[in-house]
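One structure below.
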Amino acid sequence: MTARFVFAILAVLLNLTAPARAETLQEANEVLFKQLKSEHRLSDAEMQRVKQIFARSGFMGQGNPAITRHPMTPAECRDRIPGGVSRYNNARNTRICGDKYMAPLYDPRRERPEDAKACIDMFEFPNIPCTYPVVWTKAKEAAEVCAAIGKRICDAHEWEGACAGALEPPDYYFGLGSVAAMRSAHNAKYGASKSWAYGPEFQRGVCAQNSQKSASCGGGGFGSCGSNTYPTGAFPNCVSKLGVYDQHGNAAEHMNLPMAPDQMASTGSTKLGVTEMKGSWFIWDKYRAHPDWCRWRAPYWHGSRVMSPASHENYHLSFRCCKTID
């Protein structure tokens, strides 16, 4: 028996025992739904609500399987995490937040984790380490999915505090009246103290930022742009002092930018404000299109009300959820 014949037999056996690759978005989403239900112990009613939101979208998922080319597999992700994926399952945080893979939001300079009044997902949705982020999601759909599983969309200052390592009081300059004016005042306040989740200076190679854009990706269409993301948590050093991962690179994220006090998700609003897109995406080590420090607020790109049916979606835009706690 030749070595080539042995290798051929082994290849056949491996193919027979390997899980089939999802061929369609629907098939890929069915795998995602099973992971979501199992990891987060969602009820049948919660899962039904999530599935309905995905179904209405027609595009939500981890990217178009026909064109997406992920640079790392979930198995490779698990292999590169010191101590394994279980290191992300923090018992203290689960006790405080009441949910797996969430981090308390607080200011370590004067508070303890137990003082937190809110928590944020450690990873981009589905908030499961070593899975690909869900993209092609409108801000409205992000808010709806978070609500469907007992959470909510985050306010901009919560995401910023999670990244910078200290939750500070809301800073929205409501009296200025426009996104541009409020943004300018906010960025001027924090510009001199800019930082990244991992430290005071921008670094390449630390976060999920060295993937490739599809050669066919021009205008950003579902059929031409692959969501060439990394598994979440694959870069253990891309983490803030509060234990939140992937806020730079991988996928940008929808947040709520309140334009009035009654639009703050963190105080219970479901009316919500306008869209704010946080973070950067998976080719950032090669192409830095704008600033990306923790408390930076972006121009009003593709701006709309969060709950507008026409809110923006694309191949590198995801979200993560927050949760108010007692």
Side-chain angles (χ1 to χ4, degrees), residues 36 39-42 77 81-131 133-134 142 145-147 149-170 195-199 206-208 230-256 264-267 276 278-280 293-295 318-326:
L36 196 57
E39 285 284 346
H40 294 298
R41 299 183 179 180
L42 299 182
C77 171
I81 299 170
V85 171
S86 61
R87 68 169 281 180
Y88 292 135
N89 191 7
N90 185 301
R92 182 204 66 184
N93 289 358
T94 300
R95 184 181 70 253
I96 293 169
C97 300
D99 275 299
K100 197 174 182 180
Y101 304 133
M102 296 198 82
L105 289 172
Y106 66 103
D107 188 342
R109 295 167 294 192
R110 52 180 176 269
E111 296 176 311
R112 303 171 304 148
E114 290 79 6
D115 297 322
K117 299 296 188 292
C119 292
I120 189 170
D121 287 347
M122 292 168 59
F123 309 101
E124 294 152 328
F125 190 84
N127 193 34
I128 301 169
C130 292
T131 61
V134 167
V145 168
C146 291
I149 61 174
K151 300 181 183 181
R152 59 171 173 80
I153 196 168
C154 302
D155 286 336
H157 79 281
E158 294 178 301
W159 190 99
E160 294 160 4
C163 181
L167 179 68
E168 295 189 354
S195 65
W196 286 256
Y198 47 76
V206 177
C207 296
Y230 293 82
T232 56
F235 291 80
N237 293 326
C238 188
V239 60
S240 76
K241 291 181 180 178
L242 294 187
V244 183
Y245 292 80
D246 298 324
Q247 292 186 275
H248 310 292
N250 228 20
E253 301 175 28
H254 284 298
M255 296 291 140
N256 175 53
M264 294 178 62
S266 55
T267 59
E276 167 76 0
K278 311 299 282 183
S280 54
W293 39 279
C294 285
R295 298 194 193 271
S318 185
F319 66 100
R320 71 180 76 208
C321 302
C322 283
K323 180 183 179 183
T324 302
I325 56 177
D326 297 329

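Since the structure is predicted, the reported quantities are computational estimates derived from the model, not experimental observations. Throughout, numbering of the chain's residues begins at 1 and tracks the sequence.
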Worksheet item: Between Tyr88 and Pro129, is there a donor-acceptor pair closer than 3.5 Å when you use the side chain of the first and the backbone of the second?
Response: no
Practice prompt. Starting at CG of Leu42, measure out to CG of Leu36 and round the result to the nearest 0.5 Å.
Written response: 5.0 Å
Discussion item. Quick one: does any side-chain atom of Thr324 pair with a main-chain N or O of Ala118 as donor and acceptor, under 3.5 Å?
Written reply: no
Item to complete: Return each pair, listed once, that meets side chain to side chain donor-acceptor pair (under 3.5 Å) where at least one residue sits in residues 91-108; pairs must be two or more places apart or across chains.
Response: Glu39-Lys100, Asp99-Lys323, Asp107-Arg109, Asp107-Arg110
Fill in: Reported CG-to-OG distance for the pair Leu167 and Ser266, which is rounded to 0.5 angstrom
8.5 Å
Worksheet, complete the sentence: In short, salt bridge (Lys or Arg N to Asp or Glu O under 4.0 Å) pairs touching residues 235-245 with sequence neighbours left out are none
Practice prompt. Apply side-chain contact (heavy atoms from CB on, under 4.5 Å) to Cys163 and list each qualifying residue two or more places apart in sequence or on a separate chain.
Written response: Trp159, Ala197, Gln247, His248, Cys294
Worksheet item: Is the backbone N or O of Met122 less than 3.5 Å from a side-chain atom of Arg320, with the two atoms forming a donor-acceptor pair by type?
Response: yes
Worksheet entry | By side-chain hydrogen bond (donor to acceptor under 3.5 Å, both in side chains) - contacts of Asn256 (at least two apart) | Asp155
Worksheet item: Does Arg87 have any side-chain contact (heavy atoms from CB on, under 4.5 Å) partners at least two apart in sequence or in another chain, and if so, which?
Response: Ile81, Pro82, Pro236, Tyr245
Discussion item. Please report the interatomic distance OH(Tyr230) to SG(Cys238), rounded to the nearest 0.5 Å.
Written reply: 11.5 Å
Discussion item. Using the side-chain contact (heavy atoms from CB on, under 4.5 Å) criterion, which residues pair with Ala252? Sequence neighbours excluded.
Written reply: Leu317
